**Student:** 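One structure, as structure tokens, below. Some questions next.
Start at 1 and go down the list; that is how both ligands and their atoms are numbered. What you see is a predicted model, and the numbers here were worked out from it, not measured in a lab.
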Amino acid sequence: MAFILANDGIDAAGKAILEAAGHNVQTDRVPQEALADFLKENNVAALLVRSATQVTAIELASGTLKVVGRTGVGMDNIDLQTAERLGITVANTPAASSRSVAELVMAHAMGLMRFLPESNREMPTHGTTEFAKLKKKFGNGREVEGRTMGIIGLGRIGRMTAQLALGMGMKVVAHDPFVQNCEIGFNVYGFGEVTVPISTRPFDEVLAQCDILSLHVPGAKHGAVIGKDELWKMQRGAIIINASRGGVIDEQALLEALDSGHIAAAGLDVFVNEPAPDPRLLNHPRISVTPHIGAATEEAQERIGIELAHKVAACLG
Ligand code: NAD
């Protein structure tokens, strides 16, 4: 039996798996400054974290850890080099939240096509006095069926977004320098598995063709993937969604493209300066905003908890 500290919590289903394997799981949070001592004093074998707890060389040096588990994708809060040097296994659950992120992308896209963010901002203040005016203002929405979804980054979330877009009757064009072809498989309820082949296209071709552009690349270490030039290569009236990482879009260039009318609207789940994003983005009438909740669904948390529990239990033998 091992002592496992799930310092940022773990879904009940994952906790149950670890307890059924005979382990003792604590979910009460230990403050960051007390963590290293706590690990040592309690002989903690596995430390499970989300993004809040930092797992630095100090915590890793406790001498008791066999495994660090990260619920979700990013590993920014874990000192991977030190973990490797000390022979501590680091496990994560990269695919468990792809569906949740892709569904949020479609929610932003469809909301923007029908002006939902702007309508939601204006109805509470003007809905009783200017109903007819707002009905006219928001009365020329667009359907997604038959439109083209452009996807930059055809990895786990990009493919899931492609699947949803295809399911909505959209055409999909994608760019990924490391993927040439892939097959998007999905289950049509009651009719079984359908597979659609996708070949990636040059970046500029995707920019020029899409009605909605969705970004699914890793964090932008070398600057924005979408800047002023790229925005102006897109069709006038296009919509852009970023649920990947802040900085993948140049935020200033986006504001200018929106204000010029060239880009019709944007959906942002991620921001450069989290947790204090630029207020101009938050208050823009044509930006749909969410506070980095792409992966945050009940279903994803359960899948993440179960997958991580199995990986950690296997590591602990
Ligand atoms: P992934 O590694 O499966 O896919 C990323 C893809 O991007 C890869 O296929 C890679 O070849 C491609 N790529 C790399 N550089 C590129 C470039 N310059 N142009 C085009 N394609 C490029 O990753 P994923 O799991 O699909 O995650 C995608 C993004 O979503 C990541 O930034 C991740 O951090 C983010 N994410 C956000 C949330 C959220 O809450 N909003 C949740 C999970 C993941």
**Student:** Hey, is Ile157 touching ligand 1 through its side chain, its backbone, both or neither, going by heavy atoms under 4.0 Å?
**Tutor:** both
**Student:** Which atoms of ligand 1 are found less than 4.0 Å from any heavy atom of Ile152?
**Tutor:**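 By the 4.0 Å cutoff, the relevant atoms are 19 (N), 20 (C).
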**Student:** Show which atoms of ligand 1 fall inside a sub-4.0 Å distance from at least one heavy-atom site of His292.
**Tutor:** 39 (C), 40 (O), 41 (N)
**Student:** Relative to ligand 1, is Val101 under 4.0 angstrom through side chain, backbone, both or neither, heavy atoms considered?
**Tutor:** side chain
**Student:** Indicate yes or no: does an N/O atom of Val225 lie under 3.5 Å from an N/O atom of ligand 1?
**Tutor:**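 No, since none of the N or O atoms of Val225 sits under 3.5 Å from an N or O of ligand 1.
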**Student:** Among all protein heavy atoms, pick the one closest to atom 9 (O) of ligand 1 and tell me residue, atom and distance.
**Tutor:**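 Looking at atom 9 (O) of ligand 1, the protein heavy atom closest to it is Asp176 OD2, 2.6 Å.
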**Student:** Assess the side chains of Thr53 and Asn7: does a donor N or O sit below 3.5 Å from an acceptor N or O?
**Tutor:** yes
**Student:** Of the protein's non-hydrogen atoms, which lies at the shortest distance from atom 37 (C) of ligand 1, and what is that distance?
**Tutor:**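 For this ligand atom, the closest protein heavy atom is Ala243 O, 3.2 Å.
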**Student:** Which residue holds the protein heavy atom closest to atom 20 (C) of ligand 1, what is that atom called, and what is the gap in Å?
**Tutor:** Pro177 CD, 3.3 Å
**Student:** Given Pro218, Gly246, Ser97, Ala296, which one has a non-hydrogen atom that is nearest to atom 13 (N) of ligand 1?
**Tutor:**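 Residue with the shortest heavy-atom distance to the ligand atom: Pro218.
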**Student:** Without hydrogens or angle criteria, can the side chains of Asn181 and Ser199 be said to hold a donor-acceptor pair below 3.5 Å?
**Tutor:**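 Yes, a side-chain donor-acceptor pair sits under 3.5 Å.
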**Student:** Classify the side-chain pair His284/Asp259 by whether it contains a donor and acceptor separated by less than 3.5 Å.
**Tutor:** yes
**Student:** Quick one: nearest non-hydrogen protein atom to atom 41 (N) of ligand 1, plus distance?
**Tutor:** Asp269 OD2, 2.9 Å
**Student:** Could you tell me whether the side chain of His292 reaches within less than 4.5 Å of the side chain of Glu274, counting heavy atoms only?
**Tutor:** yes
**Student:** Can you measure from CG (Leu281) to CD1 (Ile287) and round to the nearest 0.5 angstrom?
**Tutor:** 4.5 Å
**Student:** Minimum distance, heavy atoms only, to atom 28 (C) of ligand 1: which one of His175, Met75, His216, Met160 is it?
**Tutor:**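 Considering heavy atoms of His175, Met75, His216, Met160, the nearest to atom 28 (C) of ligand 1 sits in His216.
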**Student:** Report all side-chain donor-acceptor pairs from residues 104-120 shorter than 3.5 Å, counting only partners two or more places apart or in another chain.
**Tutor:**
{"unit_1": "His108", "atom_1": "ND1", "unit_2": "Ser288", "atom_2": "OG", "d": "2.6"}
{"unit_1": "His108", "atom_1": "NE2", "unit_2": "Thr290", "atom_2": "OG1", "d": "3.0"}
{"unit_1": "Glu118", "atom_1": "OE2", "unit_2": "Lys137", "atom_2": "NZ", "d": "3.4"}
{"unit_1": "Asn120", "atom_1": "ND2", "unit_2": "Leu116", "atom_2": "O", "d": "3.1"}

**Student:** Measuring to protein heavy atoms, does anything land under 4.0 Å from atom 7 (O) of ligand 1?
**Tutor:**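 Yes, there is one.
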**Student:** When rounded to the nearest 0.5 angstrom, what is the spacing between NZ in Lys228 and CG in Leu231?
**Tutor:** 10.5 Å
**Student:** Write out the residue and atom name of the closest protein heavy atom to atom 4 (O) of ligand 1, then the distance separating them to 0.1 Å.
**Tutor:**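 Scanning the protein heavy atoms, the shortest distance from atom 4 (O) of ligand 1 goes to Gly155 CA, 3.3 Å.
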**Student:** Could you tell me which atoms of ligand 1, counted from 1 in the order shown, lie closer than 4.0 angstrom to a heavy atom of Phe178?
**Tutor:** 11 (O), 14 (C)
**Student:** Looking only at distance, does Pro94 have an N or O less than 3.5 Å from an N or O of ligand 1?
**Tutor:** no
**Student:** What's the shortest distance from atom 34 (O) of ligand 1 to any protein heavy atom, and which residue and atom give it?
**Tutor:** Arg245 CZ, 3.1 Å
**Student:** Any atoms of ligand 1 less than 4.0 Å from a non-hydrogen atom of Val217? List them with their elements.
**Tutor:** 7 (O), 16 (C), 17 (C), 19 (N), 20 (C), 21 (N), 22 (C), 29 (C), 31 (C), 32 (O)
**Student:** Indicate whether the side chain of Arg201 and that of Gln209 have a donor and an acceptor atom separated by less than 3.5 Å.
**Tutor:** no
**Student:** Quick check: Ala295 and ligand 1, any N/O pair under 3.5 Å apart?
**Tutor:** yes
**Student:** Ignoring hydrogens, just give me the one of Gly153, Ser244, Gly158, Ser51 whose non-hydrogen atom is nearest atom 33 (C) of ligand 1.
**Tutor:** Ser244
**Student:** How long is the gap from OG1 on Thr200 to CD1 on Ile151, to the nearest 0.5 Å?
**Tutor:** 12.0 Å
**Student:** Looking only at the side chains, is there a donor atom on one of Ser100 and Glu103 sitting less than 3.5 Å from an acceptor on the other?
**Tutor:** no
**Student:** Drop me the distance from Arg147's CZ to Ile212's CD1, to the nearest 0.5 angstrom.
**Tutor:** 8.0 Å
**Student:** Taking the side chain as everything from C-beta on, heavy atoms only, tell me whether Leu154 gets closer than 4.5 Å to Ile198.
**Tutor:** yes
**Student:** Flag Arg156 as yes when one of its N or O atoms lies below 3.5 Å from any N or O atom of ligand 1, and as no otherwise.
**Tutor:**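 So ligand 1 has an N or O lying under 3.5 Å from an N or O of Arg156.
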